[in-house]
Amino acid sequence: MRSVEIEFVSEQQYHDDRESSKLKAKGIMQETNGLKVISYTEPDEEMGKCETIVKIINNNFVEMSRKGVYETTFLIEEGKTHSCIYRTPFGEMSMDIVAERVNAQIPDCSGKILLCYRLESNGEIIGENNLLMKINEV
């Protein structure tokens, strides 16, 4: 188990609204059953006290689970669509995650994960997301 710092560079777009942000968080990286696993508390205050666990299945497939005020498990696999239930303080929503590009490069305890995906609900696009996670051992 190693301590890491994660820098998040994200961009979300919904119709003509575009938002970008940069955040940092401290986390833990470990290898479990041959998978690299990163866990951290969400640095975005809007998310409340959510714990996020990122499992790197392979270079093009990442599982991201969130527990707390917001709960879900996103399966983000390049070129594929996966469904999930997203639980919020306002209720539940069924969504599809359509992954356009996934590139996880973490040879040791430093590297990066790029996730480009869109979220759909009832056949409607509800957001297009690009997330770059830069991971550095501390």
Side-chain angles (χ1 to χ4, degrees):
M1 185 162 40
R2 298 188 181 174
S3 295
V4 293
E5 181 177 79
I6 308 146
E7 180 182 355
F8 303 89
V9 180
S10 67
E11 183 177 283
Q12 299 87 29
Q13 183 170 340
Y14 177 69
H15 298 295
D16 292 333
D17 293 330
R18 179 169 282 203
E19 183 180 310
S20 60
S21 65
K22 285 185 181 183
L23 299 168
K24 288 186 179 183
K26 300 275 187 208
I28 300 292
M29 178 184 285
Q30 56 190 346
E31 199 155 326
T32 304
N33 299 326
L35 300 176
K36 288 201 169 122
V37 179
I38 303 164
S39 59
Y40 59 91
T41 300
E42 283 292 332
D44 186 348
E45 292 177 18
E46 184 178 306
M47 297 298 294
K49 291 279 185 183
C50 287
E51 184 70 21
T52 299
I53 298 170
V54 178
K55 292 181 185 172
I56 300 155
I57 310 299
N58 63 46
N59 291 353
N60 303 106
F61 188 9
V62 172
E63 176 185 298
M64 186 179 287
S65 299
R66 199 172 268 149
K67 297 195 182 322
V69 177
Y70 292 83
E71 292 193 1
T72 192
T73 298
F74 282 178
L75 298 176
I76 308 171
E77 184 176 10
E78 187 169 306
K80 300 211 175 164
T81 300
H82 291 279
S83 298
C84 73
I85 300 294
Y86 194 57
R87 292 174 185 85
T88 75
F90 313 105
E92 294 183 355
M93 178 188 311
S94 176
M95 294 191 307
D96 291 327
I97 300 100
V98 182
E100 296 164 358
R101 185 164 179 223
V102 176
N103 187 358
Q105 299 294 326
I106 304 179
D108 191 20
C109 282
S110 294
K112 63 183 178 178
I113 301 171
L114 175 64
L115 305 172
C116 302
Y117 61 95
R118 70 178 182 268
L119 300 173
E120 297 180 357
S121 183
N122 298 320
E124 301 269 335
I125 296 173
I126 57 174
E128 296 181 68
N129 300 278
N130 295 320
L131 174 63
L132 176 61
M133 299 171 62
K134 299 175 187 175
I135 298 111
N136 290 298
E137 186 174 11
V138 291

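When reading the values below, keep in mind they use all heavy atoms of this one structure, side chains included, and skip hydrogens, waters and symmetry mates.
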Apart from M1 itself, its cluster of hydrophobic side chains linked below 4.5 Å comprises I28

Please tell me if the side chains of R66 and Y86 come closer than 4.5 Å, counting only heavy atoms from C-beta onward. yes

Applying salt bridge (charged side-chain N to carboxylate O under 4.0 Å, His left out) to K26 and not counting sequence neighbours gives E5

Heavy atoms of C84 and T73 approach each other most closely as CB-O, 3.3 Å

**Asked** Is the backbone of H15 close enough, under 3.5 Å, to the side chain of Q13 for a donor and an acceptor to pair up by distance?
**Response** yes

(request) Could you tell me whether a side-chain N or O of N136 sits under 3.5 Å from a main-chain N or O of S110, the two making a donor and an acceptor? (result) no

Between V54 and I6, is there a side-chain heavy-atom distance shorter than 4.5 Å? no

With S10 as partner, the option from N129, L131, L23, L115 fulfilling side-chain contact (heavy atoms from CB on, under 4.5 Å) is L131

Going by chain and number, the hydrophobic cluster around I85 (ILVMFWY, side chain to side chain under 4.5 Å) further includes none

Cluster membership besides V9, Ile/Leu/Val/Met/Phe/Trp/Tyr side chains within less than 4.5 angstrom, sorted by chain and number, is L114, L132

Residue set satisfying side-chain contact (heavy atoms from CB on, under 4.5 Å) with E31, at least two apart, ordered chain then number -> K36

Residues at least two apart in sequence or cross-chain that pass side-chain contact (heavy atoms from CB on, under 4.5 Å) with T32, listed by chain then number, are Q30, V37

Sorted by chain and residue number, the salt bridge (charged side-chain N to carboxylate O under 4.0 Å, His left out) partners of E100 (sequence neighbours excluded) come out as R118

So ring pair (Phe, Tyr, Trp, His ring centres under 6.0 Å) across residues 48-68, not counting sequence neighbours, yields F61-H82

Of all heavy-atom pairs linking A99 and E77, the shortest is CB-O, 3.1 Å

The salt bridge (charged side-chain N to carboxylate O under 4.0 Å, His left out) partners of D108 (sequence neighbours excluded) come to R2

Please determine, by modelled atom types, if E42 and T52 share a side-chain donor-acceptor pair under 3.5 angstrom. yes

Those residues at least two apart in sequence (or on a different chain) that pass side-chain contact (heavy atoms from CB on, under 4.5 Å) with N130 are E11, C116

Residue set satisfying side-chain contact (heavy atoms from CB on, under 4.5 Å) with P89, at least two apart, ordered chain then number -> V69, Y70

Hits for salt bridge (charged side-chain N to carboxylate O under 4.0 Å, His left out) against E63, two or more places apart or cross-chain, chain-then-number order -> K55

